[in-house]
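Working notes, beginning with the structure itself.
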Amino acid sequence: MASVIEDKMNLDREPEVDSLPQREKSTTIISPNQHALIRLPSEGLKIIDLKPGGIISLGKFGTFAVDGILGYPFGQTFEILEELKVKPIKSMTMQADETSVDNENEELTKDDLTKMLSNSSDNNQNIINIGSKIQKLTSEDVDKLKESGATSDIGQRIIEQMIAGHEGFDKKTLFSQQKYLKRKQQKFLRRFTVEYLGSSQLLQYYIEKDTQRVLDMSEETLGLLLNYANVRPGGKYLLIDETGGIILYAMMERMNGQGTIVSAHDNEHPNHIALRYSDYPEEMQNRMVKSINWLQFLEPENEKVEFETATEEEIEEMKHAKRAQYYRREQRAKNINSVIDMVMEGNFDGFISVSTLNMPTLLPEIIPTIGGSRPVVIYSQFKEALLETQHHMSTDKRVLAPSIMETRVRPHQTIPGRMHPVMCMRGFGGYILWGTRVFPRESGITAVGKGSGKSKKEKPEQIPEAVSQQASV
Amino acid sequence: MSFFEYKDIIEEGDLVLAFLGRSNIKPITVTKGSQLNTRYGNFEHDRMIGMKYGEQMPGAKGVGFIHLLYPTPELWTVSLPHRTQIVYTPDSSYIIQRLNVTSGTRVIEAGTGSGSFSHSFARTIGVEGRLFTYEFHEPRYIEAKKELEDHGLLANTVITHRDVCNDGFEISNIPEDFKKDDGICGDVVFLDLPSPWTAIPNLKSVISHQSRVGICCFSPCIEQVEKTVKALETEGWSNIEMVEVAGKRWEARKDMVKDVKDVVKRLKDIQSRKNQGIEHRKQSKIHNVGDKRDIKEVETADDSSPEPTKFQNLGKGFNPFGKGLRVREGDEQFQWRNVTKIESEIKSHTSYLTFAYMNPNVRLNTSVE
């Protein structure tokens with residue numbers, strides 16, 4: 001896939017577009033021919049391609065036609081009806097009585113639901129654990145019910161009958177009954193939410209699918225990384241992205257088509273596989289993302305491509321295939337040489353690394369290319385790797401005040417009267433080393449607090465950080 | 001100077017962040033004839049003009065130094081004059097990420113407070129985005145307005161002096177190029193107010209009805225969250241979830257590697273010196289009877305003082321861990337391992353973040369069917 005992007009880049013002989021670059025995809029309305037994220041009642045995630053006329057299967061949650069969801073805003077939740085049809089509902093967790101936006105097809109009214117949950121206990125004193133025997137509805141019964149129709153009403157009916165068949169249901173507390181209901185809804189309701197595939201959604205998708213792919217990075221860490229790196233439209237950034245393009249996508253989202261990202265990579269060709277979900281026009285990808293491998297980066301003079309330009313007549317004389325090949329080679333040379341020039345010119349607006357490379361040996365090659373007072377932001381799933389890097393920076397002195405930052409979001413059960421942190425959360429999320437590129441003086445600097453006994457007497461413990469900073473230079 | 005792009009050379013009138021230490025950054029506007037006086041020396045503004053951003057600047061007469069930094073919202077958050085409790089970067093960056101604030105987003109913020117988050121929003125939404133920020137405290141509003149103006153942020157930001165809880169969010173004087181659908185039409189709402197539940201019902205007329213709108217309410221108390229959640233539910237917001245963000249900073253430190261073999265070696269050393277001392281004393285006692293001691297012996301005897309603590313402090317004998325000496329962390333004479341240590345004080349609670357979404361729940365574009 002990665003090489004496909006490069007090949008496309010090479011074939012692209014269109015002149016640069018002058019008009020103001022725009023995201024051509026919609027970020028607000030579910031629109032044809034772009035990707036979207038589907039959230040399932042089970043909290044599972046799926047990326048779909050919104051091909052007009054297409055049919056999407058969500059496994060046990062049902063099947064629907066793409067055309068039925070087009071035109072609604074992103075964030076809309078749907079319920080699957082019969083014959084691939086859907087209806088919009090307010091939200092995934094709403095009770096059946098509140099689901100319908102247009103108030104039709106209501107089979108289970110609020111009264112029914114209240115009746116269903118009306119017999120409950122004040123506490124769990126009378127609950128005796130007899131395992132699955134407490135449920136009179138067998139799995140065969142459930143399968144039979146499932147076969148009887150494909151609509152969400154079936155799900156609702158199954159839940160009703162499960163409650164009816166649950167001998168201990170009235171002995172549960174109301175809270176416990178609601179939790180039971182929610183669990184069954186997650187299992188049987190045929191609902192789904194369609195979300196815009198932003199960088200958070202793409203990251204969540206990969207976290208669920210393959211957390212090693214994103215090197216354990218959490219959403220909060222991605223946010224912190226992008227803010228510390230001061231990513232904004234028009235910037236020129238140097239990036240190492242070993243997540244297959246998820247960081248690259250997040251940066252492109254924030255830059256909205258303006259600016260450049262030089263992406264340095266280990267292999268001969270870059271791996272930006274995640275960009276296939278980005279729906280960015282090829283022209284924009286080619287303009288914004290400039291790839292360079294480490295050989296080209298570290299030995300720019302040797303790696304520049306020499307290309308002999310043919311004359312007009314020579315090109316005219318070429319056979320079709322040969323001419324195409326000529327153009328491809330010309331474009332390739334241009335691309336490689338221009339990115340090598342950018343690196344040699346340096347003065348990047350920031351360095352962002354999400355990689356497994358050893359920074360202490362790489363940084364001496366990187367730092368000179370970063371502009372003054374620009375951020376240096378390095379991600380690692382291991383604090384220890386950043387620790388080595390921070391020590392290296394402290395000695396090197398060209399990155400000011402390096403700090404290892406950790407951020408963790410703790411979700412809560414958000415029900416009035418019953419607020420509490422949820423019991424489990426993801427343990428990992430990675431760490432960020434953040435500093436600022438500076439130009440230290442070689443000589444002529446005497447730190448206050450070093451040698452001059454005067455300042456030592458003046459409460460140096462007041463700002464120990466600053467003193468050590470001063471003393472260390 | 002601009003929060004929308006970098007530049008390399010300091011000019012007169014620029015906002016420069018003078019970095020004295022991690023938690024000691026002084027914002028200065030470079031003015032001819034002025035001087036920055038600190039504990040770390042004195043720094044004439046005239047000398048800053050023409051210097052590079054990021055340069056280390058020596059103080060007058062070469063005493064002390066500072067680093068001259070280009071302002072970013074994240075550095076500004078560390079250096080800004082506090083008027084209220086501020087939203088720190090771990091919180092603000094998460095809110096921006098989770099609500100998908102990007103270039104072009106239309107944001108509603110109340111209240112402005114110290115303007116820390118306003119800077120971060122304004123940077124991320126860029127010149128194509130719009131920030132509508134509200135502050136009900138007049139002196140704070142005046143200060144924030146001046147600051148936003150000085151920082152060039154009025155290019156995408158409108159600040160209004162308003163109590164949004166009582167008087168709502170609608171404003172009459174929206175500049176033409178700030179309007180969308182003839183109004184504010186916000187995509188994202190951030191409420192940092194004492195009683196957000198009173199402002200929530202006022203949002204209807206100022207948020208987008210063409211797309212999903214995200215909200216984050218920032219409240220320190222759980223009681224506030226309760227009321228906020230109820231108000232959000234009543235007003236039709238869904239996917240309500242409250243979270244907390246915990247940000248921590250770790251310091252890279254060095255910890256001395258102390259091998260028990262060295263401990264044993266040192267104990268043996270002490271013992272042998274002790275014995276040596278006893279021997280010496282015995283010897284000298286024998287010799288002392290009537291005799292005068294050899295001058296060489298006197299010196300050796302002094303060297304091996306029998307008090308173990310004494311020669312430790314003097315750095316004599318085998319002292320592998322520098323006991324009794326002032327050892328600089330990382331001193332090359334000793335062996336170290338790299339370790340991390342958490343900052344001495346962490347923010348254990350900033351605020352609760354309550355997120356929710358408002359969906360229009362209608363098909364907006366039927367032509368695609």
Side-chain angles (χ1 to χ4, degrees), chain A residues 28-29 32 67 70-76 88 90-91 101 198 200 219-220 222-224 227-228 230 232-234 253-254 256 349 371-373 383 387-388 390-391 400-401 403-412 414 416 419 436-441 444-446 448 463 465-466 469-470, chain B residues 5-6 8 20-24 40-41 52-56 58 62-65 67 69-70 72 74 89-90 93-94 96-98 100 102-104 123 126 211-212 222 226 229-230 238-250 252 338 340 357 359-361 363-366 368-369:
Chain A
T28 57
I29 294 181
D67 293 353
L70 295 176
Y72 285 97
F74 278 117
Q76 182 69 53
K90 236 190 124 195
S91 86
V101 170
S200 284
E219 186 182 359
E220 55 269 32
L222 175 63
L224 195 65
N227 269 34
Y228 273 144
N230 202 12
R232 58 192 170 188
E253 283 281 287
R254 293 225 180 167
N256 193 13
D349 286 338
S373 201
K383 199 163 63 196
L387 165 65
E388 302 298 328
Q390 187 179 340
H391 276 303
L400 183 66
S403 310
I404 299 170
M405 311 298 294
E406 178 191 345
T407 177
R408 295 288 181 271
V409 163
R410 186 188 205 191
H412 289 240
T414 315
M419 302 265 183
T436 306
R437 161 80 160 116
V438 291
F439 306 110
R441 292 246 165 162
I445 299 264
T446 316
V448 172
I463 312 161
E465 196 82 54
Q469 202 73 38
Q470 292 261 321
Chain B
E5 58 186 359
Y6 279 108
D8 299 319
L20 288 96
R22 227 183 272 272
S23 49
N24 191 3
Y40 308 111
K52 278 189 281 186
Y53 277 104
E55 231 179 296
Q56 186 181 24
V63 177
F65 63 86
H67 283 90
L69 301 186
Y70 193 90
T72 68
E74 285 63 39
T89 300
S93 61
Y94 178 64
I96 283 179
Q97 181 63 31
R98 175 155 173 170
N100 195 29
T102 59
S103 166
R123 175 270 318 273
S211 56
R212 179 162 89 152
I222 198 89
E226 292 256 356
V229 170
K230 284 178 191 159
S238 60
N239 294 69
I240 302 169
E241 188 190 32
M242 184 267 273
V243 306
E244 271 183 291
V245 180
K248 290 178 192 142
R249 186 170 63 81
W250 296 86
N338 291 336
T340 51
Y357 290 99
N359 291 303
N361 284 319
R363 197 168 205 164
L364 299 161
N365 185 354
T366 44
V368 288
E369 203 172 354

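Numbered from 1 within each chain, the chains take letters A, B, ... in sequence-line order.
A donor-acceptor pair is defined here as one N or O able to donate and one able to accept, closer than 3.5 Å; such a pair exists between the side chain of S373(A) and the backbone of Y70(B). A donor-acceptor pair is defined here as one N or O able to donate and one able to accept, closer than 3.5 Å; such a pair exists between the side chain of R22(B) and the backbone of A401(A). Side chain of S200(A) to backbone of Q97(B): a donor-acceptor contact under 3.5 angstrom is found.
Ranking R98(B), K230(B), R212(B), E5(B) against chain A, the residue ahead of the rest is R212(B), based on heavy-atom pairs under 4.5 Å. The most heavy-atom pairs under 4.5 Å with chain B, out of H391(A), R437(A), E220(A), come from H391(A). Between chain A and the residues V63(B), L69(B), N239(B), the largest count of heavy-atom pairs under 4.5 Å involves L69(B). Between chain B and the options L387(A), T436(A), T407(A), heavy-atom pairs under 4.5 Å are most frequent for L387(A). Taking P233(A), G371(A), G198(A), G234(A) one by one and counting their heavy-atom pairs under 4.5 Å with chain B, the maximum is reached by P233(A).
Judged purely by distance below 3.5 Å, without hydrogens or angles, the side chains of N227(A) and S93(B) never pair a donor atom with an acceptor atom. Under 3.5 Å, the side chains of E241(B) and T414(A) contain no donor-acceptor pair of N or O atoms.
A distance of 9.0 Å separates CG of N359(B) from NZ of K90(A), quoted to the nearest 0.5 Å. Here the CE atom belonging to M405(A) is positioned 7.5 Å from the OG1 atom belonging to T89(B), to the nearest 0.5 angstrom. Here I404(A) contributes atom CD1 and K248(B) contributes atom NZ; the two are 13.5 Å apart, rounded to the nearest 0.5 Å.
Applying the salt bridge (Lys or Arg N to Asp or Glu O under 4.0 Å) test to E74(B) and every residue at least two apart in sequence or in another chain returns R123(B). Scanning for ring pair (Phe, Tyr, Trp, His ring centres under 6.0 Å) contacts around H412(A) gives Y352(B), with sequence neighbours left out.
Relative to the ring axis of Y6(B), R232(A) places its NZ or CZ within 45° and under 6.0 Å from the centre.
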### Task
Would you please test N361(B) and Q76(A) for side-chain contact (heavy atoms from CB on, under 4.5 Å) and show each step?
CA-CA 6 Å; N361(B) 284 319; Q76(A) 182 69 53; 2.8 Å; yes
### Derivation and outcome, salt bridge (charged side-chain N to carboxylate O under 4.0 Å, His left out), residues E55(B) and R441(A)
CA-CA 8 Å; E55(B) 231 179 296; R441(A) 292 246 165 162; 3.4 Å; yes
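Only the side chain of I222(B) comes within contact range of chain A, with heavy atoms under 4.5 Å apart. For K52(B), the part lying near chain A is the side chain, with the backbone staying farther off; criterion is any non-hydrogen pair under 4.5 Å. Both the backbone and the side chain of N338(B) come within contact range of chain A, each with at least one heavy atom under 4.5 Å from a heavy atom of that chain. When heavy atoms are compared at a cutoff of 4.5 Å, F74(A) approaches chain B solely by way of its backbone atoms N, CA, C and O.
P73(A) places a side-chain heavy atom less than 4.5 Å from the side chain of L364(B). Taking the side chain as every heavy atom from C-beta outward, H67(B) and F439(A) never approach each other to under 4.5 Å. Counting only heavy atoms from C-beta outward, the side chains of V229(B) and M419(A) approach each other to under 4.5 Å.
Residues E253(A) and T102(B) share a closest heavy-atom pair of O-CB, 3.4 Å.
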